[in-house]
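Let me begin by presenting the structure, written as structure tokens, before commenting on it.
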Amino acid sequence: MSRLVQHPLSKGWGFKDSKDESEDAWMPVPVIPSVVHQDLLANKKLKDPFIGFNEVSTKWVNEKSWTYRNVFQKPEASPSSTIVLAFDGLDTFAKVKLDGNVILESNNMFLAHRVDVTKALEADGEHILEIDFDCAMLRARELRDQDPKHKWASFNGDPARMSVRKAQYHWGWDWGPVFMTTGIWRDVRLEVYTARIADLWTEVQLAGDHQEATVSAFVEVDGEAGSYKAKFTLSLQGREVVPEKSTMGEGNTANVTFNIKNPSLWWPHGYGDPTLYELSASLTDEQNELHHVSKKIGIRTAEVVQQPDKHGKSFFFRINGVDVFCGGSCWIPADSLLPNITPERYRKWVELMVAGRQVMTRVWGGGIYEDDNFYSACDELGVVVWQDFMFACGNYPTWPDLLDSIRKEAIYNVRRLRHHPSIVIYAGNNEDYQVQEQNGLTYNYEDENPENWLKTDFPARCIYEKLLPDIVKELTPGTFYHPGSPWGGGKVTSDPTVGDLHQWNVWHGTQEKYQVYETLGGRFNSEFGMEAFPHIQTIESFIENEADKYPQSHIIDFHNKADGHERRIATYLVENVRTATDLETYIYLTQLIQAEAMMYGYRGWRRQWGDDRRCGGALLWQMNDCWPGISWAIMDYYLRPKPAYYAVAQVLEPLAIGVQREHHDWSVTHAEPPKTSKYSLWVASSLLKEVSGKVELRFISVQTGLEVREWRVWDDIRIQANGTTDIILDDIIDHTVYPEPHVLAARLWVDNEIAARDVDWPQPFKYLDLSERGLNVQRVFESDDLQSLRVSTRAPVKCLVFEERDGVRVSDSAMDIVPGDEQFVTIMGLRGGSLKYKYLGQ
């Protein structure tokens, strides 16, 4: 018997238009994995689709079928060996032929396939592997036309997309282009083995006092019958915890149980170390090790707490018995051409989440079940994952063959992902219940018979409330399942008292002012957002002509896919700031509005965490982009942060002070100022112990920078652990006594150091004179790679942003500066280059 050997098939491929029969049609493929757009680009048959209007000129690719071919040598194999052709991902309609014989037909991008080709490769020498990829766009339309009775209701993209198990954003979304990719988008290889470990998984039980854990480890073996042994080891930081051995049981399975005293737990970052154990399994016969597999696992408990309370029914996460406010963001695929995303790029994204103090990321249902490198980075860095199944914004059909494909897809991906401690929830879909509501589709929550559901005009309920939860329960019974996002258990998806909520009445919907975000939230706010332009370098990356470098140029509008974005950006700019026509200032203003909006949402909802967990978390839409464009992302395609990234990080500090005056709707009152204003002051804490601190509140003239009234100081405030401590509730500012526009500047001191700041400004900014600020940015230390800056001012400064070029990173940005409160910023990578910054009114 022989050890498993893998033979990657990453080189030696060619591809062509399937309809072109000539031998000259073949073009080389640089490397697999790839998709056809990348291969056409490499052969100079396509202009860069991310530049200019090139997306339009690449549409022909979307309606083509393509063929890929590889000629390979039969690998060495003993007579007793099995040879398998393994595909980790084929996008999407693929007919695989080996030496002219069809060996596989696939129609699901989210599935892996293993084909036993032992007999097919009996002959030594060369063999021809050929894959015909049929056009997914045309096939989807054919499938749709075959079922005219189904109600093809949807948001975004061609409704026909719902008939095909392919990443839905490839049909275009309100933040991304239409690229109907196809190809071998994940690894392909030959495997030669006698027996192999087909699966390795665990079931973990943690005692309530965390003093003991039980890790049950299982393997499933694929191979010819034989006398095998499985040896398991569990290690922590390279040291074996408890070695165990097991012989194979019935059905080619084996399992052992590890009992661990005083286990090291996996925690989200900010709450403890994200400790990972390494579980290894070796399969042996009498003489040899045949296969070795290892996975990193975490010991932790995770639950979603849903209990009746004075606000309705709670929805928050409890990790290892600790209630965790899940501030974070939603994640979309980081590229329209998925093989572009390297492990290093995945790692950098997750590092940015941690640096931005984001505890949770939500893998959105219109993309993909992400690459293992993404989840591994979340495991290692302590980012909690909300994982959607891949259904988004539509009324999906439930044909028997489609349901069978979905079942296989769910089983494969849950098995693949279930060892990751970062994944704490699976959700059935994104906004499909909203589609049901808005289109009046049948949904009787009281009817519990899945057979009845399939007969309605909303048959996909059977996927979300029967098929998927059954699979999650069977394969990863400790992981919480939620039928959809948003979903409230029989109540409308906009109900703020139960479940999770997508709050789009800022930007979409009623287009409320972002200053009232805190009044619009629910028990868990899993989507909300505000658009902003990306960095000027990103804009310049897709603009070819200097004449197009103005805010409303055709090419800039083309790179914003949001319906009605012109009106919405204009509305939020005109309501709040003095607008500009030069591009760089316009970019800054949109970014300032995004930063302010996200700050208002996070600040108010995090305060509600302390009100009996009224708000369990907030995930902004969205963390990232799939191409260089204008969207809701707070970090653009090139990983260049927008100011909102820093504004969110500031509000999610372990200790965050908040000060806010009540909203005065100036547009309703035609800009008549209020006679009085209520204001509140509080401290939010995610620390797990109570601390003592000093709180200061200053009232500073916007115009002069002078104090308009005496400071208020609280010398010994006991700050509640993992909650909110109110300092002032609805105190009154009398504007007849203090008529001068002024900021409320709050600071929190802990252990004689400033732990947090917040500044509340009179609204809207456009009515304020922000000229002549007297800002002073002084270098206090400089080396080859680092500069330390002291920032001070004569009058209050709003949203000081330091320019970040590639390779340059700042410790903080989007800062409010007030007189008498110096702040320090570190800049890495500037290397003597010029320092640029902007602030409102500059």
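Scope of the values below: all heavy atoms of this structure, side chains included, with no hydrogens, waters or symmetry mates.
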Scanning both residues in full, the closest heavy-atom pair of I260 with V215 reads CD1-CG2, 3.9 Å

* Indicate yes or no: does D88 engage R189 in a salt bridge with an N to O separation below 4.0 Å. => yes

Side chains of S485 and N430, donor plus acceptor under 3.5 Å
no

- Message: With heavy-atom distances below 4.5 Å as the criterion, would you say the side chains of H210 and L265 are in contact?
- Response: yes

L417 side chain reached by E370 side chain, heavy atoms, under 4.5 Å:
no

Check your understanding: Should the pair R415-D199 be classified as a salt bridge under the 4.0 Å nitrogen-to-oxygen rule?
Key -> yes

| task | Please determine if R607 forms a cation-pi arrangement with F325, meaning its NZ or CZ atom is less than 6.0 Å from the six-membered ring centre and no more than 45° off the ring axis. | result | no

Q. Should the pair E212-K261 be classified as a salt bridge under the 4.0 Å nitrogen-to-oxygen rule?
A. yes

Shortest non-hydrogen pair, I719 vs G693, comes out as CD1-N, 4.4 Å

Result for ring pair (Phe, Tyr, Trp, His ring centres under 6.0 Å) between Y426 and one of W386, F480, F389 points to F389

#### Entry: Any donor-acceptor pair under 3.5 Å from R523 side chain to K313 backbone
yes

**Asked** Got a sec: does the CG of D209 have more than 12 other heavy atoms crowding it under 6.0 Å?
**Response** yes

Do the side chains of C626 and D335 get nearer than 4.5 Å, heavy atoms only?
no

When every non-hydrogen atom of P469 is compared with those of I463, the smallest separation belongs to CD-O, 3.9 Å

Closest non-hydrogen contact found for A334 with W349 is CB-NE1, 3.7 Å

Closest non-hydrogen contact found for S264 with I299 is O-CB, 4.2 Å

* Under 3.5 Å: donor-acceptor pair, side chain of D371, backbone of N373 -> yes

Would you please test Y464 and F391 for ring pair (Phe, Tyr, Trp, His ring centres under 6.0 Å) and show each step? CA-CA 10 Å; Y464 314 137; F391 303 88; 5.6 Å; yes

- Electrostatic pair R362-D500, nearest N-O below 4.0 angstrom: no

- Are D309 and R614 ion-paired here, with the side-chain N under 4.0 Å from a carboxylate O? no

Exactly one candidate in W621, Y369, Y169 meets ring pair (Phe, Tyr, Trp, His ring centres under 6.0 Å) with W364; the answer is W621

Exercise. Decide ring pair (Phe, Tyr, Trp, His ring centres under 6.0 Å) for F374 and W331; before the verdict, give the C-alpha distance in whole Å, the side-chain angles of both, and the deciding distance to 0.1 Å.
Key: CA-CA 11 Å; F374 174 83; W331 171 268; 4.9 Å; yes

Test side-chain hydrogen bond (donor to acceptor under 3.5 Å, both in side chains), reference Y375, set R416, Q387, E380, output is Q387

Is R3 salt-bridged to E289, going by a charged N under 4.0 Å from an acidic O? yes

Heavy-atom nearest pair, T479 first then V472, reads O-CG1, 3.7 Å

Main-chain N/O of I197 paired to H291 side chain as donor or acceptor, under 3.5 Å:
yes

